Number of protein chains: 2
Amino acid sequence: MIPKAVDTKTRILDAAEKLFGKNGFDATSLRDITAEASVNLAAVNYHFQSKDSLIDAVIARRVEPVNQRRLEMLEAAGENPTLEQLLIAFLQPLMQHDFSVVYPLMARVLATPDTFVTHLLKRHLGLIIERFGEAFGKALPEFTETQIRWKMHFTAGAMAHVLSRAYMLPELMPDTKFDCQTALAELVTFAAAGFRAKEGI
Amino acid sequence: MIPKAVDTKTRILDAAEKLFGKNGFDATSLRDITAEASVNLAAVNYHFQSKDSLIDAVIARRVEPVNQRRLEMLEAAGENPTLEQLLIAFLQPLMQHDFSVVYPLMARVLATPDTFVTHLLKRHLGLIIERFGEAFGKALPEFTETQIRWKMHFTAGAMAHVLSRAYMLPELMPDTKFDCQTALAELVTFAAAGFRAKEGI
DNA sequence: GTCTATAGGTTGATAGAC
DNA sequence: GTCTATCAACCTATAGAC
């Protein structure tokens, strides 16, 4: 249950974020959300116009700060950042959230191929892909633009999979306690080597 | 529309596979499926007992041959397979399907964190993860079991992302025609380097 | 095996009182 | 801004005729 201390609009956003992440966008009804938020059903259509608008608002609230932080870290890395600096700037702002409610939501967004969610994703991620694409290309001038895109695509996929399957990682790795620092470090090591790898199959 | 040449049960499976992949499990109603298959609504509950059973059947029909092929290729690689051989044995049976209807369905399965689908996934993938985990560990004895699992996890995520975002790859890579041979080759190169990478962040 | 008909329940959205 | 009440549409599943 979402505490009553905050206002109705925020309670709806909090409840929707939690349930969208947990059960998906289609499987979560507005009634589920208003019950979780302890607000009236009609409040959703008053504060947001429709379920799609609500989905948009829920996603934007979390994605925008992450993307802002990514661009900040990209800029802070200077004129000629290392590959590892670029990977951390791209991955860390999302992967630092640890076990918060943000994880399942972002995993849903990344893993939902539906046109509406994909449209939102493109809108939010267009600039990021462009900027980081340039930066990766500059750091690794020996690769074509297409190869750089492939490598970014694989890295994003690995990250998305860590988020979306975070809950089953402890099961896959019995002797380790799962934490995001470790996941990030392992992923940066893995992706950096993958980025530098030359074709030779 | 699914041609009338095949029997009702197969037509339902074909239609369900197509629509589940395209719109997701929750968003696809039995009515959508029976309309696409040109069969009566009640036929679904006659041939399969419930929607969940149908989902199970749709997934099993595609996953089982892929997993069988994986184990065949693993065995065919002999006693001491190279890392590249292992990666190809794991990735190729799924990635060779090219633009068929199988892609979106498998992408859905891999990207749906819901308990029911995850349960199916575990049931179908348990043996594969175990066998390949052993093989990767044997090929790279300098890493701990947990590190091997991380690397497998990243590789699976990259593959899943290629499948689930296959339709937007041409857009990301304007100057290349997307094909699965290229995707597989790029992914094997990327993942092989990632597998061999030592911690050093 | 295939059909019609329908039960019984859910959904998103809105109208209108307060 | 918040509520109750309700609409029209949709859903899964089943009963029973053919």
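As the structure is a prediction and not an experimental result, all values here were calculated from the model.
As a whole-Å value, the separation of A/Arg31 CZ from D/dA5 C1' is 11 Å. Between B/Asn23 atom CG and D/dC11 atom P the separation is 12 Å, expressed in whole Å. Between the NE2 atom of A/His47 and the P atom of C/dG12 there is a distance of 18 Å, given to the nearest Å. Atom CG in B/Asp26 sits about 13 Å away from atom C1' in C/dT10, given to the nearest Å. Rounded to an integer number of Å, the gap from CG of A/Leu30 to P of C/dT14 is 11 Å. Between A/Leu19 atom CG and C/dG12 atom P the separation is 12 Å, expressed in whole Å. In this structure, CZ of A/Phe48 is placed 16 Å from P of C/dT14, rounded to the nearest angstrom. Put simply, NZ on B/Lys51 is 8 Å from P on D/dA13, counting in whole angstrom units.
The residue among A/Leu41 and B/Tyr46 whose nearest nucleotide of DNA chain D is located toward the 5' end is A/Leu41. Judged by closest nucleotide on DNA chain D, A/Lys9 is the one of A/Lys9 and B/Asn45 placed further toward the 5' end.
The nucleotide whose nearest atom lies closest to any side-chain atom of B/Asp32 is, among D/dC11, D/dA13, C/dA13, D/dC11. For B/Ser29, the listed nucleotide lying nearest its side chain is D/dC11; candidates were C/dA13, D/dC11, D/dC3. The A/Ala42 side chain lies nearest to C/dA15 when the options are D/dT2, C/dA15, D/dT6.
Side-chain contact between B/His161 and A/His161: absent, with no pair of heavy atoms (C-beta onward) separated by less than 4.5 Å. Using a 4.5 Å heavy-atom cutoff, the side chains of A/Leu83 and A/Phe136 are in contact. In this structure, B/Val44 and B/Thr34 have side chains that are in contact, with non-hydrogen atoms separated by less than 4.5 Å. Counting only heavy atoms from C-beta outward, the side chains of A/Asp14 and A/Arg61 approach each other to under 4.5 Å.
Panel note: side chain B/Asp114, backbone B/Val117; no donor-acceptor pair is recorded below 3.5 Å.
Close to C/dG1, at under 4.0 Å from its OP1 or OP2, lies no side-chain N or O of B/Thr8. The side chain of B/Asn40 contributes no N or O atom lying less than 4.0 Å from OP1 or OP2 of C/dG1.
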